[in-house]
2 protein chains.
Amino acid sequence: MPKDRAPTRIQKKNRAAILEAALNVFSAHGFRGATVDQIATEAGLSKPNLLYYFPSKEAIHTALLSGLLETWLAPLHDLDADGDPMEEILAYIRRKLEMSRDLPRESRLFANELVQGAPRIHASLSNDLKTLVDEKTAILTQWMDEGKIARLHPHHLIFSIWALTQHYADFDVQVRAILGDEDPFEGAEPFIDTLYRKLLTP
Amino acid sequence: MPKDRAPTRIQKKNRAAILEAALNVFSAHGFRGATVDQIATEAGLSKPNLLYYFPSKEAIHTALLSGLLETWLAPLHDLDADGDPMEEILAYIRRKLEMSRDLPRESRLFANELVQGAPRIHASLSNDLKTLVDEKTAILTQWMDEGKIARLHPHHLIFSIWALTQHYADFDVQVRAILGDEDPFEGAEPFIDTLYRKLLTP
DNA sequence: CGTGAGTTTGACCAGATGGTCAAATCAAGA
DNA sequence: TCTTGATTTGACCATCTGGTCAAACTCACG
């Protein structure tokens with residue numbers, strides 16, 4: 001295992017390569033379905049070499065998830081109580097949809113984990129995620145109280161945004177099987193935009 | 001392997017027990033994460049005994065999926081061109097949401113498969129599912145042409161229904177982590193109902 | 001009962017997989 | 001250049017896992 005000092009040039013490069021490869025493999029096959037060998041090969045390393053940088057398969061997975069959770073939640077974090085309600089929410093939705101398009105691996109990484117009961121990130125959900133969501137639903141509720149947007153169950157409003165946007169990344173195969181050549185996001189963006197404009201208009 | 005004749009009492013019982021156990025295990029751990037031993041134990045059989053009824057792990061999975069696909073698509077099948085548009089669609093949505101509540105294992109079984117690229121049911125998606133969806137989107141389009149419901153991209157309308165309803169089964173842990181003790185479906189039903197009434201009203 | 005088909009299982013196997021380790025190789029500063 | 005710590009690897013191991021098989025057992029029915 002590399003020492004605890006400042007990481008060398010090689011350490012930086014290899015750690016990054018490993019996490020990149022792990023993202024590919026874990027998101028495509030789930031934790032159990034991924035093999036250390038596969039990740040190592042994709043990162044251009046031998047298996048023992050990979051295990052020189054991370055002590056175990058589990059450690060790679062954990063590092064990936066915790067490293068990406070912040071990225072994943074950033075758009076919600078940005079929801080600003082002082083902004084225009086409708087524009088803030090629509091901007092959030094747009095960013096989430098962009099993330100489904102541009103970061104589908106990240107989306108599927110979390111989807112894999114969640115579908116199987118989140119055995120490895122359960123704590124983060126009940127703490128970090130819940131805290132953030134509660135904070136933001138408070139803003140939504142305030143906007144509803146002020147009559148700026150329609151009154152709805154704020155938690156389910158958030159869930160609906162996650163569901164609608166992440167669907168395109170997580171169930172990409174299904175979407176493409178049905179749409180054929182049509183670009184999913186071409187139609188999804190105006191559809192979802194219209195949906196929330198209608199829904200949120202008081 | 002049991003002969004091809006009419007199944008005996010024992011065969012019926014054991015095949016059913018195996019499929020029930022497999023549904024539990026595959027939906028909770030995915031194909032790769034499930035072990036034959038685990039399924040056998042949960043079905044109350046020894047591993048070789050289980051393999052007397054199904055030739056392989058893959059065969060159990062295939063039998064499960066193809067057996068459940070019909071159940072899964074039944075609600076969409078029922079969408080009736082001659083019914084009242086708004087009521088037909090809302091009834092479909094309600095049935096889908098009930099299925100998420102009552103058949104979460106089935107939902108997660110498909111979710112696991114889809115998230116990982118549907119390696120084992122890709123053909124069904126491009127054939128059976130696409131055919132059914134195209135048939136039903138034709139009805140939706142007609143309703144839109146007649147001004148009975150708002151004009152929207154019909155495929156994305158279907159996707160949105162799947163996303164919103166199945167989210168509660170597939171990402172159950174996340175939903176419950178955020179809602180705490182609150183029953184997810186209690187709030188989901190009126191939320192989704194409101195959403196589609198607003199969205200579909202011309 | 002007896003018998004043949006249907007059912008069950010202990011023992012076993014081959015390949016995959018996560019992980020270890022000592023030895024070899026490499027890189028960078030003194 | 002030399003040395004020392006960082007990096008890399010081939011060989012190896014224990015365990016897990018899907019699957020096989022022959023032998024034993026059970027059941028239904030004549």
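To find a chain, count down the sequence lines: A is the first, B the second, and so on, and within it residues start at 1. Keep in mind it's a predicted model, so treat the numbers as computed, not measured.
- Between A:R15 atom CZ and D:dA6 atom P there is a gap of 13 Å when expressed in whole angstrom units.
- Panel note: side chain B:K136, backbone B:H77; a donor-acceptor pair is recorded below 3.5 Å.
- Rounded to whole angstrom, the span from the NZ atom of B:K13 across to the P atom of D:dT26 amounts to 14 Å.
- A:K47 places its NZ atom 14 Å from the P atom of D:dT9, with the value rounded to the nearest Å.
- Contact between the side-chain N/O atoms of B:R32 and the OP1/OP2 oxygens of D:dG18 is not found at any separation under 4.0 Å.
- Atom CG in B:L51 sits roughly 19 Å away from atom P in C:dG6 (whole-Å rounding).
- The side chain of B:Y53 places an N or O atom within less than 4.0 Å of a non-bridging phosphate oxygen (OP1 or OP2) of C:dT8.
- A sub-4.0 Å separation between OP1 or OP2 of D:dC27 and a side-chain N or O of B:R9 is absent.
- Taking only side-chain nitrogens and oxygens, B:N49 never comes nearer than 4.0 Å to OP1 or OP2 of C:dT7.
- Among the nucleotides C:dT9, C:dG18, C:dT20, the one closest to the side chain of A:V36 is C:dG18.
- Of the side-chain N and O atoms in B:T35, none sit less than 4.0 angstrom from OP1 or OP2 of D:dT17.
- A distance-only check finds no donor-acceptor pair linking the side chain of B:K130 to the backbone of B:S124 [under 3.5 Å].
- A:H167 and A:F171 have perpendicular rings, their planes meeting at more than 60° on a 0 to 90° scale where under 30° would count as parallel.
- In terms of phosphate contacts, B:Y52 brings no side-chain nitrogen or oxygen within less than 4.0 Å of OP1 or OP2 of C:dT8.
- A:I18 places its CD1 atom 11 Å from the P atom of D:dT7, with the value rounded to the nearest Å.
- Checking the phosphate oxygens (OP1, OP2) of C:dT7, a side-chain nitrogen or oxygen of B:Q11 falls inside 4.0 Å.
- The interatomic distance linking A:I60 (CD1) with C:dG18 (P) rounds to 9 Å, in whole Å.
- Which of C:dT7, D:dA6, D:dT9 sits closest to the side chain of A:P48 comes down to D:dT9.
- You won't find any donor-acceptor pair under 3.5 Å spanning the side chain of A:K57 and the base of C:dG19, going by distance alone.
- Between A:F159 and A:H153, the gap from one ring centroid to the other reaches at least 6.0 Å.
- Atom-to-atom, CG of B:N14 to C1' of D:dC27 comes out at 14 Å; the value is rounded to the nearest Å.
- A ring-centre distance under 6.0 Å is found for A:Y168 and B:H156.
- The interatomic distance linking B:I10 (CD1) with D:dC25 (P) rounds to 17 Å, in whole Å.
- For B:T8, a side-chain nitrogen or oxygen approaches OP1 or OP2 of C:dT7 to under 4.0 Å.
- Looking at heavy-atom distances under 4.0 Å, A:A34 makes contact with sugar-phosphate atoms alone, never a base.
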